[in-house]
Amino acid sequence: MVLDAPGRPLAARTIELRDPGPGEVLLRVAACGVCRTDLHVIDGDLKQPKLPLVLGHEVVGRVVALGRGVERFREHDRVGVPWLGATCGHCLHCLADRENLCDTPQFNGYTRDGGYAQHMLADAAHTFPLPDGYDDAHAAPLLCAGLIGFRALRFAGEARTLGIYGFGAAAHVIAQLAIQEGRQVFAFTRAGDADSQSFARQLGCVWAGATTELPPEPLDAAVLFAPVGGLVPAALRATRKAGTVVCGGIHMSDIPSFPYELLWGERVLRSVANLTRVDAEEFLALAPKVPVRTHVQCYPLAQANTALADLRGGRVQGAAVLMCE
Ligand SMILES: [Zn+2]
Ligand SMILES: [Zn+2]
């Protein structure tokens, strides 16, 4: 399913496959998660995508061919491919264990073709074995919603009371992780979104309400997954002194000005960008131990545009996943 230009629907097309280059693996794709970032690419919020482009960065597939020098995998291995597609290995950030901030990174489904397809070429060093206990569809959301959510949750530190703004795919994964760690989770959704609020309560959140409400007690930390800048002052207002507000999305509408008083008291406001391979290894080992159970809404690959429209319209509970075989 190919994006020819921002703003256009994806088109089904046959693309000639090339053999995997050095360090690459060729995958037969089984399932690919649909992420809000894909909407940001389609909408042109993320600049200069590869065009035409195959979206998709929560890819579950099986290795069908190995490029020269790949020793990490064998044919038929089931693997996962996340957002981080390749890193340079020698810039300031790569050398400081922050490869998520690499100066010349590649991203799957953005600067290289991703997994809205039957086959995909991936950099083997940025491809991961997947835990057993998840079928292909349920494993897919672990690869972005899970991974980025995990990184965002780590930045919430020791928070006992945790607010999550925007209760979509990432939120439903990290709520489970946070609850298992003994935290109290407060879920914030669009006003009137009773389905998402009851979904949050079913997962064990102690409170669910609208983003316009204040929680019944102050938050030690908040994580924002909704790409709405106006939620930043709202989350700061709900967070106690020395608390942290983490922005987990790759794009957000402008943040309105707000009184300094909301940040005063040593509150910390920060973003989370991408993931490192260490995040992937740690989270994929942790998820089955929690255990994180993903909730998926599956669509055939050919219905990618419907899945994207449902995500945009708030009609997905948990994660949308394309079945690509
Ligand atoms: Zn780098
Ligand atoms: Zn994503």
Side-chain angles (χ1 to χ4, degrees), residues 1 3 10 23 29 31-43 45-46 49 53-60 80-116 120 122-123 125-128 137 139-153 164 166-174 223-227 246-252 271-280 283-284 287 292 294 296-297 304 307-308 310-312 316 318-322:
M1 295 300 289
L3 178 70
L10 308 186
V29 179
C32 183
V34 177
C35 176
R36 183 161 294 279
T37 297
D38 302 337
L39 292 177
H40 292 311
V41 175
I42 292 170
D43 292 347
D45 296 328
L46 299 189
L53 172 69
V54 180
L55 290 163
H57 58 267
E58 301 183 279
V59 190
V60 176
V81 182
W83 170 245
L84 188 71
T87 47
C88 79
H90 54 72
C91 72
L92 181 73
H93 298 293
C94 281
L95 292 176
D97 293 330
R98 293 189 302 259
E99 65 178 0
N100 58 309
L101 302 178
C102 177
D103 286 332
T104 52
Q106 290 185 48
F107 298 110
N108 294 306
Y110 178 33
T111 64
R112 33 188 304 159
D113 283 333
Y116 285 25
M120 175 184 176
D123 185 88
H126 294 76
T127 297
F128 300 90
L142 299 176
L143 289 156
C144 183
L147 276 178
I148 305 270
F150 172 68
R151 188 171 175 85
L153 182 60
I164 302 180
F167 208 84
H172 100 285
V173 171
I174 71 152
V223 178
L224 273 63
F225 292 119
V246 183
C247 300
I250 195 166
H251 177 84
M252 188 181 259
S271 65
V272 163
N274 312 317
L275 69 135
T276 67
R277 282 174 280 179
V278 172
D279 295 330
F283 176 71
L284 292 171
V292 169
T294 56
V296 297
Q297 232 166 272
L308 288 160
D310 285 352
L311 178 61
R312 190 188 294 281
V316 176
V321 175
L322 303 178

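What you see below is based on every heavy atom in this structure, not just the backbone, and it leaves out hydrogens, waters and symmetry mates. Order of listing sets the numbers, starting from 1, for every ligand and every atom in it.
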Of all heavy-atom pairs between Tyr116 and Cys32, which one has the smallest distance, and what is that distance?
CD1-SG, 3.8 Å
Spatial distance of atom [atom1] ([X]) from atom [atom2] ([Y]) [nearest 0.5 Å]:
X      : Y      : atom1 : atom2 : result
Leu147 : Leu275 : CG    : CG    : 5.5 Å
Leu10  : Leu55  : CG    : CG    : 5.5 Å
Ile164 : Leu224 : CD1   : CG    : 10.5 Å

Can you check the number of protein N/O/S atoms within less than 2.8 Å of the Zn ion (ligand 2)?
3
Have a look around the Zn ion (ligand 1) and list protein N/O/S atoms under 2.8 Å, or say none.
Cys88 SG, Cys91 SG, Cys94 SG, Cys102 SG
Find out whether Asp43 and His251 are in side-chain contact, i.e. whether some heavy atom of one side chain is under 4.5 Å from a heavy atom of the other.
no
Using side-chain heavy atoms (C-beta onward) and a distance below 4.5 Å, is Arg151 in contact with Thr276?
yes
Of the options Val34, Val59, Leu308, which is the one that meets Leu322 in a side chain to side chain contact (heavy atoms under 4.5 Å, CB included)?
Val34
Can you name the residues that form a ring-ring contact (aromatic ring centres under 6.0 Å, His included) with Phe107, not counting sequence neighbours?
Trp83
Run the side-chain donor-acceptor check on residues 88-95: report pairs under 3.5 Å with partners two or more places apart or on a different chain.
residue : atom : partner : partner atom : Å
His93   : ND1  : Arg98   : NE           : 3.3
His93   : ND1  : Arg98   : NH2          : 3.2

